[in-house]
There are 2 protein chains.
Amino acid sequence: MRGVVMYTAGDVRVEEREDPKILKPTDAIIRLTATCICGSDLWPYRGVEPVDHQVMGHEYVGVVEEVGADVKNVKVGDFVVGSFVISDNTCEICRSGFQSKCVHAEFTSQIGTQAEKARIPYADGTLVPTPGRPDEDLIPSLLAASDVLGTGWFAAVAAQAGPGKTVAVVGDGAVGLMAVLAAKQLGAERIIAMSRHPERQALARFYGATDIVEERGEEGVAKIKELTNGLGAHSVVEAVGTQESFMQAVGATRGGGHLGYVGVNYDVAIPGLELFFAGIHTLGGPAPVRRFLPDLIQLIWDRTIDPGKVFDLTLPLEQAAEGYKAMDERRATKVLLTL
Amino acid sequence: MRGVVMYTAGDVRVEEREDPKILKPTDAIIRLTATCICGSDLWPYRGVEPVDHQVMGHEYVGVVEEVGADVKNVKVGDFVVGSFVISDNTCEICRSGFQSKCVHAEFTSQIGTQAEKARIPYADGTLVPTPGRPDEDLIPSLLAASDVLGTGWFAAVAAQAGPGKTVAVVGDGAVGLMAVLAAKQLGAERIIAMSRHPERQALARFYGATDIVEERGEEGVAKIKELTNGLGAHSVVEAVGTQESFMQAVGATRGGGHLGYVGVNYDVAIPGLELFFAGIHTLGGPAPVRRFLPDLIQLIWDRTIDPGKVFDLTLPLEQAAEGYKAMDERRATKVLLTL
C-alpha cells in the first residue's frame, strides 16, 4: 500500500509500505476514505520533535475491511470514525470519560494513518460506525471528528463553555476554530476568538464567534479584561501550545474560571506562582475524543454542524509533501488527503 | 497595642504598634482572642521572600470592638472568625465561590493580625460570627478555620475528594493534615498521607488517613500507583509548594483525576509537556476560605471535627519570636499565640 513517511524534518515522501495485518483478535483493518495533516505533524516537520523515517498521520475515516475474532461492535463494510488515541473503552479510566488515558492507550501516530490502510487496535473501543454510508460531502466533517473537532470540543468542555458564559479562544488554527464551534453548540453567550488572520476571523465568525481580539500576550489579556468588566473570561481555550499563548490563556481566565488547554506544550514552563495566584481550574492534554464521537457523528449526520469547512486545501495522498509545505507556510489551515 | 514585626529574615520582634482605627464605613475593629503563625510566614523568615519591617500574621479570631456605619452582619461584642483574604462576598467572583479572588481582595498579611487588635475591611463579607461565645477549648479549632482548615478543606474540595475516591495528600504540615480531615468529612474511601514524621503520621491517622506513604518524588509516585492498581489516586492534594512536591502530586494523579494545590509555589516551574500528558484537572491558589467558613464553624461548634489539634505549641504573643524559631526548626507543626 501507499503511505506517508517523514524521513527527516521537512522531508516527507509517499512510498510503498507493507499492508497492515490483524495482529491481535481485537484489531480491525480499515481502508481509508480520507486522512489529513495535523498541526502537531508540523512539530517534527519543523525539527521541534526528533524524527527519523517515521510513518505519519493519526486522523482517519474509512471502511472496515477485516476484523479480529473478538471484535463485536464493528463489522466488515462499516464506515467508521476513530479517535486518534486507541482505547479499550472499558477500563476504569475510559469509563470515567478519559479514553485518551486508557490503560491500553496508544497514539495512532505510531500507526501512521496517512496511508491507504491502517490497523486499528482495540477496534471495539476506538472506532464508531456511522449510521450508514455517508454522503460524499460529509466526509471532511466526519474526518474532522477524529481529532480537531473532538479536540476543540474537549477543550470547550474542559473550559466549561455553556449558557451565560463568556468564552475566549486563544489560537485560530483548526482546533481553535473547532473550539469556537463547540462553544456555540454548548450554548455560550459570548465567544471571543483571538486571531489576526482575516480569513480565519471570518471562519471563526461563521462558527459562532461574537467578538474578535487581534492583540496578543499582555495586550491580549488586557483586551479580554476590557470586554469582561475587568474580570476575565469564564472559560478560556488554549489551542496553540507556546509559552506566550499559554500564559495569555492563564491571564485571560477570571478567578475561579476554567482553562481548557489542548495545544501541545513543547518547551512550555508554567511559572508556578503565577498559576497559583490566578486561582483557576485547568484541564488539558490529549483529548478523549472517543467520549464525544457518538454525539459528534450524530450532529454531523443531522447537518447541525459543519466542521469540514476547516479543511481549506484538498490533495491526493500522493501529494502529501505539498500539503505539509502549505501548512508549514500557513497557506493552508488544514489539509485533507484523499484516497 | 502590642504586635509582631519582622525586621529582617529571622528577626521577629513584638513591639508597640499604633492602634487600628475605622478608616472606611465597611471596616470593623476586632480585639483578637488568638492568632497564630503560618507555614507561609516562614518564607520571609527564611529569606525566600524579601522582608523589611513587615507587620505579620493573617489568621485571627476575636471579638468585634467597633464597626463602621455600613456594617450590618456583625455587631460589637460578636465573636468572629474571618478569612485570611478580605472579600466583599457580593461581587460576581465571590458569588461564584472564589472569594479569594474578590474584586476587593486584600491579604490580611498586609494588616498583620499577630497583634492585639486588627482592622478588618469589608467586615460584612469577611467575618462570620459564631453562634455564641465559644468555650475556651474551641478557640484553637475556630482559629484553624481562618486559614489552615479552610485551605486544607478547599484543597480537598478542589481535588474532588468524596465517596468512592482514593485521596493522596502530599505534605504533612498543618494544611496537609487539615486536607486529610476534610477528605474524611467529605466521605473519601481511602486517604493516603505522604509523611515521614512519626508524630505527624499519628495525627494524620487521627484525622482519617488509612495509609501512610513515606517515599517521596518518583518513588512516592510509584508507591501511590502500587496502591491504586497502577492508575494513581483519583484526588491529590499538594500542600507543600516545592518543585518536587508539585511534580510528585502531578504524577500521583490518575488520568482524568483532580489535583488541588495550595502550597505556595515559589520557584516552581511546571514542565508544560509533563502536565499536558498527565491529562488531569487542577485547581489551586489562595483558598476561598470564606466560602466554607459558615459550615466549618458549625462542624466545630457541634464538635464533629477537632482541627485545633494541629496546634502543638501555644505561646503568649510576647514570645512570638520563639514560636517562629520552633516552626522553622520543625519542633512545632503550628504555633498558637494567645492574647
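A, B, ... follow the sequence lines: proteins, then strands. Residue 1 opens every chain. Given the structure is predicted, the values throughout are model-derived calculations rather than measurements.
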What do the steps show when you test A:E218 against A:K225 for salt bridge (Lys or Arg N to Asp or Glu O under 4.0 Å), and what is the final call? CA-CA 11 Å; A:E218 287 182 19; A:K225 294 221 164 144; over 6 Å; no
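For the pair B:R190 and B:L227, the tightest heavy-atom approach, listed with the atom from each and the gap, is NH1-O, 2.7 Å. For the pair B:S245 and B:V240, the tightest heavy-atom approach, listed with the atom from each and the gap, is OG-CB, 3.3 Å.
Of the two parts of A:F276, the backbone and the side chain both hold a non-hydrogen atom closer than 4.5 Å to a non-hydrogen atom of chain B. Within the 4.5 angstrom heavy-atom criterion, only side-chain atoms of A:V103, from C-beta onward, approach chain B. Of the atoms belonging to A:L275, heavy atoms from both backbone and side chain fall under 4.5 Å from chain B.
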Report all side-chain donor-acceptor pairs from residues 277-291 of chain B shorter than 3.5 Å, counting only partners two or more places apart or in another chain.
unit_1	atom_1	unit_2	atom_2	d
B:H281	ND1	B:G256	O	3.2
B:H281	ND1	B:G257	O	3.1
B:H281	ND1	B:H258	NE2	3.3
B:T282	OG1	A:T282	OG1	2.6
B:R290	NE	B:G125	O	3.1
B:R291	NE	B:G97	O	2.9
B:R291	NH2	B:G97	O	3.1

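For A:T113 (side chain) and A:S109 (main-chain N/O), no donor-acceptor pair under 3.5 Å exists by modelled atom type.
Between chain A and the residues B:E274, B:R254, B:H234, the most heavy-atom pairs under 4.5 angstrom are made by B:R254.
For residues 233-250 of chain A, no pair satisfies salt bridge (charged side-chain N to carboxylate O under 4.0 Å, His left out), with sequence neighbours left out.
Residues of residues 82-96 of chain A that come closer than 4.5 Å to chain B, counting heavy atoms only, are A:E92, A:I93, ordered by residue number.
Atom CG of A:D41 and atom CE of A:M6 lie 6.5 Å apart (nearest 0.5 Å).
Evaluation of the salt bridge (charged side-chain N to carboxylate O under 4.0 Å, His left out) rule for A:K223 yields A:E226 as partners, not counting sequence neighbours.
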